[in-house]
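Before any comments, here is the structure.
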Amino acid sequence: MLPIKFVTDSAADIPRALREELGIQVLPFPIAMGNKELQDGYDFTPEEFYPMLLSAAQIPTHAQLNPFVFSQCFQEAFQEGCRCLIYTAINSKGSATYQNAVQAREEFYEDYPEAEGTFHIHILDSHTYTMGYGWAVVQGARMARDGANEEEILTYLRDWIDHARVIFAPLDLRFAKKSGRVSAAAAFMGDALGLKPIMTFENGDSKVLSKVRGEKNVVPALLELCRKTRKPGTPYLVIEGNNREQAARLEEEAAKSLGAPADMTYSIGGVIAINAGPNLIGLVYREE
């Protein structure tokens, strides 16, 4: 019997080796690229996707995960003998995926009333993106492996979600403009003046925190913000896309500035790259 099953979606950007090591089920968002449909996180690596994205005639699109995907997931887990499934979802303000999971849970218990008391399905809205919630899933799976119980894990997950902070700088504004993360006017001004936005998510909404002139000032701006708001001694992660030079600089400066090397440097996947562009750097950490 599997006591606790951890499920998330591919926008969590959990590296493949880590999800395989910990048995985390990642549901892939379908990405439409021309006349092909690709499964995010399965049909390509991030490094393979970036040149595909940059050479595409049109920016690809991705769909939400529909209730049928979750119905299948819940049925399989129940039939495997799981007693608890925890699905941590992409921000509900950016996708109907969370609501679709809630709908599927209601329908599952209607179809399998005998499961109600013995198979618990918990659905958590992360209110954020990328390893802002992927990290919580990884840590939850590690806790389960080490013997933590359902309530201890849920308490940890909810606490992390309540305090997680993702800050990032899209260095190519075309994608953030197209997705609506940055207004067209701001993107135009940014390109014209060489301004780079420092962005985050607050209550599920994207927000521009500040703008810096030139790429050379992005790393110091990210680190200054992190120093001010991060809970000391807690994990932090470095986000990278296809700009290894800037990511390496952020890794090096963060280790000095924050007193320890990053717990992980990871690459954004397809869904995040489509919406923010592959040329970005950022940090994930826990706020005070």
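Side chains are part of it too, since the values below use all heavy atoms of this structure and drop only hydrogens, waters and symmetry mates. Throughout, numbering of the chain's residues begins at 1 and tracks the sequence. Keep in mind the model is a prediction, meaning the values are calculated, not measured.
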Checklist line | Under-4.0 Å salt bridge between Arg244 and Glu240 | finding: yes
Note to self: Both conditions, 6.0 Å and 45 degrees, for the charged tip of Arg19 above the ring of Tyr42: are they met here?
What the structure shows: yes
Next item on the list: Report yes or no: do Val7 and Val137 belong to one cluster of Ile/Leu/Val/Met/Phe/Trp/Tyr joined by side chain heavy-atom distances under 4.5 Å?
Entry: yes
Margin query: Using modelled atom types and a 3.5 Å cut-off, is there a donor and acceptor pairing between side-chain atoms of Gln246 and backbone atoms of Asn243?
Written below: no
Check: Is Tyr156 close to Gln139 at the side-chain level, that is, under 4.5 Å between some pair of heavy atoms?
Finding: yes
Margin query: Using the rule given for ring-ring contact (aromatic ring centres under 6.0 Å, His included), can you reason through Phe168 versus Phe201, listing the C-alpha separation, both sets of side-chain angles and the distance that settles it, and then say yes or no?
Written below: CA-CA 10 Å; Phe168 66 103; Phe201 301 97; 5.7 Å; yes
Item checked: Side-chain heavy-atom pair Ser10, Ile90 within 4.5 angstrom cut-off -> no
Next item on the list: Establish, yes or no, whether a centroid distance under 6.0 Å links the rings of Tyr50 and Phe44.
Entry: no
Next item on the list: Without swapping roles, check the side chain of Asp40 against the backbone of Phe29 for a donor-acceptor pair under 3.5 Å.
Entry: no
Note to self: Atom NZ of residue position Lys231 - does it have more than 12 heavy atoms of other residues, nucleotides or ligands inside 6.0 Å?
What the structure shows: no
Notebook entry, point to check: Ion pair present between Lys256 and Glu253, side-chain N to carboxylate O less than 4.0 angstrom?
Noted result: yes
Item checked: Exceeds 12 heavy-atom contacts within 6.0 angstrom, atom CD of Gln79 -> yes
Next item on the list: Please round to the nearest 0.5 Å and tell me the distance separating atom CH2 of Trp160 and atom CH2 of Trp135.
Entry: 7.5 Å
Check: How many angstroms lie between atom CG of Asn279 and atom CG of Asp172, to the nearest 0.5 angstrom?
Finding: 6.0 Å
Note to self: Working to the nearest 0.5 angstrom, can you tell me the gap between Cys226 SG and Tyr236 OH?
What the structure shows: 8.0 Å
Check: Do the side-chain N and O atoms of Gln103 and Gln99 include a donor-acceptor pair separated by under 3.5 angstrom?
Finding: no
Note to self: Can you see whether His122 engages Glu150 through a side-chain donor-acceptor pair at a distance of less than 3.5 angstrom?
What the structure shows: yes
Notebook entry, point to check: Is the backbone N or O of Tyr133 less than 3.5 Å from a side-chain atom of Ser126, with the two atoms forming a donor-acceptor pair by type?
Noted result: no
Notebook entry, point to check: Got a second to check how far Met52's CE is from Leu38's CG, nearest 0.5 Å?
Noted result: 5.0 Å
Margin query: Is the shortest side-chain heavy-atom distance between Tyr266 and Leu18 below 4.5 Å?
Written below: no
Checklist line | Exceeds 12 heavy-atom contacts within 6.0 angstrom, atom CG of Asn203 | finding: no
Notebook entry, point to check: Could Arg165 and Glu288 be called an ion pair, given the rule that one side-chain N must be under 4.0 Å from one carboxylate O?
Noted result: no
Checklist line | Polar contact flag, side-chain donor to acceptor under 3.5 angstrom, Asn275-His62 | finding: yes
Next item on the list: Could you tell me whether the side chains of Asp125 and Ser92 share a donor-acceptor contact shorter than 3.5 Å?
Entry: yes
Next item on the list: Give a yes or no on whether Ile167 and Val218 share a hydrophobic cluster (residues Ile, Leu, Val, Met, Phe, Trp, Tyr; joining criterion: side-chain heavy atoms under 4.5 Å apart).
Entry: yes
Notebook entry, point to check: Does any non-hydrogen side-chain atom of Pro15 lie less than 4.5 Å from one of Met264?
Noted result: yes
Next item on the list: For Glu114, look at atom CD and say whether over 12 heavy atoms of other residues, nucleotides or ligands are found less than 6.0 Å away.
Entry: yes
Notebook entry, point to check: Okay, side chain of Thr130, backbone of Gly132: is any donor-acceptor separation there less than 3.5 Å?
Noted result: no
Margin query: Do Phe108 and Ser71 make a side-chain contact, defined as non-hydrogen atoms from C-beta onward lying under 4.5 Å apart?
Written below: no
Item checked: Asp9 side-chain N/O to Leu27 backbone N/O, donor-acceptor pair under 3.5 Å -> no
Next item on the list: Could you go through the salt bridge (Lys or Arg N to Asp or Glu O under 4.0 Å) check for Arg142 and Glu21 one step at a time?
Entry: CA-CA 10 Å; Arg142 285 173 171 159; Glu21 174 198 335; 5.3 Å; no
Notebook entry, point to check: If two hydrophobic side chains count as joined below 4.5 Å and joins carry through other members, does Val208 share a cluster with Ile198?
Noted result: no
Item checked: Rounded distance [0.5 Å steps], CD1 in Ile281 versus NZ in Lys196 -> 11.0 Å
Item checked: Test item: Asn217 side-chain N/O and Val212 main-chain N/O as donor-acceptor pair under 3.5 Å -> no
Notebook entry, point to check: Arg105 side chain to Tyr109 main-chain N or O, any donor-acceptor pair under 3.5 Å?
Noted result: no
Notebook entry, point to check: Would you find a donor on one side and an acceptor on the other, under 3.5 Å apart, between the side chain of Arg249 and the backbone of Lys216?
Noted result: yes
Next item on the list: Decide yes or no for Val166 and Ile239: does some side-chain heavy atom of the first lie under 4.5 Å from some side-chain heavy atom of the second?
Entry: yes
Check: Hey, what do you get for CG (Leu280) to CG (Asn242), rounding to the nearest 0.5 Å?
Finding: 8.5 Å
Next item on the list: Report whether Val219 and Met199 are members of the same hydrophobic cluster (ILVMFWY, side-chain heavy atoms less than 4.5 Å apart, transitive linking).
Entry: no
Note to self: side chain to side chain contact (heavy atoms under 4.5 Å, CB included) for Ile274 and Leu53? Distances and angles first, verdict last.
What the structure shows: CA-CA 7 Å; Ile274 287 169; Leu53 175 59; 4.2 Å; yes
Notebook entry, point to check: Any link between Tyr129 and Ile14 through a network of hydrophobic side chains (Ile, Leu, Val, Met, Phe, Trp, Tyr) touching at under 4.5 Å?
Noted result: yes
Check: So, does Thr8 use its side chain to make a donor-acceptor pair with the main chain of Thr88 at under 3.5 Å?
Finding: yes
Notebook entry, point to check: Does a side-chain heavy-atom distance below 4.5 Å link Asn100 with Gln64?
Noted result: yes
Notebook entry, point to check: Going through the distances and angles, do Arg83 and Thr118 end up as a side-chain hydrogen bond (donor to acceptor under 3.5 Å, both in side chains)?
Noted result: CA-CA 6 Å; Arg83 62 171 177 79; Thr118 57; over 6 Å; no
Notebook entry, point to check: Has the side chain of Asp159 got a donor or acceptor atom that lies under 3.5 Å from a matching backbone atom of Thr155?
Noted result: no
Check: Do Arg286 and Pro235 have side-chain heavy atoms sitting under 4.5 Å apart?
Finding: no
